[in-house]
Amino acid sequence: MKTVQDYIRTIPDFPHEGIMFRDVTTLFSDPRGFRIAIDQLLHPYAGQPIDKVVGLEARGFILGGAIAHQLSLGFVPIRKKGKLPGKTIEQAYKLEYGEAVMEVHDDVLQPGEKVLLVDDLLATGGTAEAGIKLIERMGAEVIGCAFIIDLPDLGGRKKLAALGMDVHALCAFAGD
């Protein structure tokens with residue numbers, strides 16, 4: 001039986017030489033692989049009180065939308081700065097070379113709501129940390145962070161654990 005990891009394609013030297021890019025589009029395009037991933041991402045949270053699913057741009061939208069649908073919950077996108085039309089709050093975060101800013105509409109989460117944060121990949125944890133800060137600034141609580149891939153050598157899991165987050169990943173690739 002195939003695992004989620006079996007559906008993920010590795011592309012060497014993308015986007016830069018020396019990078020082993022883990023491509024989840026091959027997972028998304030396979031109906032069985034996609035179903036396995038969605039089921040496994042939400043499994044640890046089944047039966048827990050969750051009010052909303054939040055997805056991080058961009059592949060987190062695909063996963064988060066599918067999980068929200070499966071759980072009959074609302075979905076909230078956290079986007080790159082300048083992509084949302086309404087009033088937003090923003091959070092800067094560090095990239096490998098520079099900074100970026102994530103935004104969310106300021107009225108999509110209510111104080112006390114329980115949120116599952118979803119994305120495809122956990123690397124350094126900067127994007128997820130920015131998402132967590134945005135969620136918490138609105139008074140909501142992150143009950144878990146779910147990813148398809150963890151790149152443990154880049155330290156993201158440790159960063160999120162230090163924030164008190166429950167981190168769930170379906171597979172890991174060492175050395176990335």
Side-chain angles (χ1 to χ4, degrees), residues 3-5 7-8 22 24-25 27-28 30-80 83-91 93 101-152 156-172:
T3 68
V4 166
Q5 193 164 343
Y7 291 95
I8 298 169
R22 307 306 179 173
V24 294
T25 63
L27 171 69
F28 293 168
D30 185 283
R32 180 158 173 70
F34 189 53
R35 167 57 75 185
I36 291 168
I38 296 305
D39 290 348
Q40 289 181 4
L41 282 170
L42 64 84
H43 179 75
Y45 308 102
Q48 290 191 36
I50 302 172
D51 299 300
K52 300 262 175 62
V53 176
V54 172
L56 300 172
E57 188 163 332
R59 290 173 293 273
F61 297 170
I62 297 164
L63 297 166
I67 291 169
H69 173 75
Q70 188 74 11
L71 297 174
S72 297
L73 298 173
F75 172 75
V76 174
I78 292 183
R79 304 220 47 199
K80 294 174 183 168
K83 301 288 187 177
L84 293 171
K87 187 174 177 199
T88 62
I89 59 172
E90 61 183 49
Q91 181 68 47
Y93 65 102
V101 177
M102 300 295 281
E103 290 182 321
V104 65
H105 281 126
D106 69 351
D107 60 355
V108 293
L109 296 173
Q110 302 305 311
E113 283 190 311
K114 309 277 190 226
V115 172
L116 176 61
L117 181 73
V118 181
D119 203 2
D120 68 318
L121 177 78
L122 177 59
T124 65
T127 306
E129 181 182 24
I132 291 164
K133 288 180 178 178
L134 286 168
I135 292 163
E136 290 178 343
R137 283 172 52 197
M138 288 187 274
E141 176 189 349
V142 179
I143 60 100
C145 302
F147 305 91
I148 292 176
I149 300 168
D150 181 15
L151 302 178
R157 180 183 286 269
K158 288 179 184 172
K159 179 184 281 189
L160 298 186
L163 295 173
M165 295 295 121
D166 172 64
V167 177
H168 173 61
L170 303 186
C171 62

What are the two closest heavy atoms between [X] and [Y], and how far apart are they?
X	Y	result
Val115	Leu109	CG2-CD2, 3.9 Å
Leu27	Ala37	CD2-CB, 3.9 Å
Phe75	Gly60	CE1-O, 4.1 Å
Ala169	Arg157	CB-NH2, 3.6 Å
Glu103	Lys80	OE1-O, 4.2 Å
Gly131	Leu56	CA-CD2, 4.1 Å

CZ (Arg137) with more than 12 external heavy atoms under 6.0 Å: yes
What residue among Val108, Leu117, Leu134 forms side chain to side chain contact (heavy atoms under 4.5 Å, CB included) with Val76?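 The side chain to side chain contact (heavy atoms under 4.5 Å, CB included) with Val76 is passed solely by Val108 among Val108, Leu117, Leu134.
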Quick one: does [X]'s side chain get under 4.5 Å of [Y]'s, heavy atoms only?
X	Y	value
Leu63	Asp119	no
Pro85	His105	yes
Val54	Val104	no
Asp51	Leu73	no

Run the numbers on Thr3 and Cys171 for side-chain contact (heavy atoms from CB on, under 4.5 Å), then give the verdict. CA-CA 9 Å; Thr3 68; Cys171 62; over 6 Å; no
For the pair Ile67 and Tyr45, evaluate side-chain contact (heavy atoms from CB on, under 4.5 Å) and give the outcome as yes or no after the intermediate values. CA-CA 11 Å; Ile67 291 169; Tyr45 308 102; over 6 Å; no
Walk me through it: do Asp120 and Ile149 pass the test side-chain contact (heavy atoms from CB on, under 4.5 Å)? CA-CA 6 Å; Asp120 68 318; Ile149 300 168; 5.8 Å; no
Can Leu160 and Phe147 be said to form a side-chain contact (heavy atoms from CB on, under 4.5 Å), step by step? CA-CA 12 Å; Leu160 298 186; Phe147 305 91; 3.9 Å; yes
Expected output: side-chain Asp150 to main-chain Ala172 donor-acceptor under 3.5 Å: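 A pair under 3.5 Å: no.
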Could you check whether any side-chain N or O of Lys133 sits under 3.5 Å from a backbone N or O of Tyr93, counting only pairs where one atom can act as donor and the other as acceptor?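 No; zero donor-acceptor contacts below 3.5 Å.
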[atom1] of [X] to [atom2] of [Y]: how many Å apart, nearest 0.5 Å?
X	Y	atom1	atom2	result
Ile62	Phe28	CD1	CZ	4.5 Å
Ile135	Ile143	CD1	CD1	10.5 Å
Arg79	Glu57	CZ	CD	4.0 Å
Leu163	Glu129	CG	CD	5.0 Å
Leu116	Lys52	CG	NZ	13.5 Å
Arg59	Leu121	CZ	CG	7.5 Å

Is the shortest side-chain N to carboxylate O distance from Lys114 to Glu141 below 4.0 Å?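 Between Glu141 and Lys114 there is a salt bridge, with a charged N closer than 4.0 Å to a carboxylate O.
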